[in-house]
Amino acid sequence: MNFILTLILCSGIDGMCIPMYEEKKPFKDFYDCILSGSFKSIIELENIGRETVNDNKLYIKFGCNEVTKS
């Protein structure tokens with residue numbers, strides 16, 4: 001099985017979410033995908049910055065979706 005990582009940026013103020021990232025290269029297993037999602041979420045929040053995250057109550061949801069090999 002292969003997995004594709006998707007990150008979604010959400011605001012805790014208005015509940016709106018926008019897609020922000022989808023990994024182009026599939027991961028070989030769920031474990032690698034979920035670890036990458038955790039790491040990339042931290043990096044993205046650091047890039048956005050403390051003030052913007054706090055002001056907008058931003059958080060990142062991520063998931064690893066199973067894809068079939070072609």
Side-chain angles (χ1 to χ4, degrees):
M1 298 291 165
N2 285 331
F3 295 86
I4 296 291
L5 172 64
T6 303
L7 275 71
I8 301 170
L9 179 65
C10 298
S11 169
I13 293 175
D14 61 13
M16 299 286 292
C17 297
I18 58 168
M20 65 179 300
Y21 184 85
E22 183 170 285
E23 186 74 41
K24 301 297 181 207
K25 182 181 173 212
F27 292 88
K28 67 178 181 172
D29 60 19
F30 186 80
Y31 180 84
D32 287 344
C33 182
I34 209 76
L35 284 181
S36 181
S38 297
F39 178 73
K40 289 180 182 193
S41 293
I42 292 168
I43 298 301
E44 290 297 333
L45 290 171
E46 287 178 337
N47 288 337
I48 293 168
R50 180 183 304 271
E51 185 175 341
T52 302
V53 169
N54 284 332
D55 288 349
N56 297 287
K57 306 281 188 286
L58 299 178
Y59 61 95
I60 295 177
K61 300 191 302 184
F62 65 91
C64 294
N65 302 307
E66 192 173 322
V67 294
T68 56
K69 294 181 183 180
S70 13

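Atoms considered below: every heavy atom in the structure, side chains included; atoms not considered: hydrogens, waters and symmetry mates.
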Over 12 foreign heavy atoms within 6.0 Å of OH, Tyr59:
yes

So does Asn56 get a backbone contact from the side chain of Ser11, meaning a donor-acceptor N/O pair under 3.5 Å?
yes

Between OG1 of Thr68 and CE of Met1, what distance do you get to the nearest 0.5 Å?
8.5 Å

Distance from Glu44 atom CD to Tyr21 atom OH, nearest 0.5 Å?
8.0 Å

Single-linkage hydrophobic cluster, 4.5 Å side-chain cutoff, Ile43 and Ile60 together:
no

Closest approach of Phe3 and Cys64, non-hydrogen atoms and distance?
CD2-O, 4.0 Å

Just verifying a value: how many Å separate Ile4 CD1 and Glu66 CD, rounded to the nearest 0.5 Å?
11.5 Å

Looking at NZ of Lys61 and CG of Leu9, how far apart are the two atoms once the value is rounded to the nearest 0.5 Å?
10.5 Å

Specify the closest pair of heavy atoms between Phe62 and Ser41, including all atoms of both residues, with the distance to one decimal.
CD2-OG, 3.3 Å

Same apolar cluster: Phe30 and Leu5, side chain cutoff 4.5 Å:
yes

Under a 4.5 Å cut-off applied to non-hydrogen side-chain atoms, are Met20 and Thr6 in contact?
no

Please report the interatomic distance CG(Asn2) to NZ(Lys28), rounded to the nearest 0.5 Å.
11.0 Å

Result for side chain to side chain contact (heavy atoms under 4.5 Å, CB included) between Glu51 and one of Asn54, Ile48, Asp55 points to Asp55

What is the minimum heavy-atom distance between Ile8 and Cys17, and which atoms define it?
CG2-CB, 3.6 Å

Return the OG1 to CG distance between Thr52 and Asn47, rounded to the nearest 0.5 Å.
11.5 Å

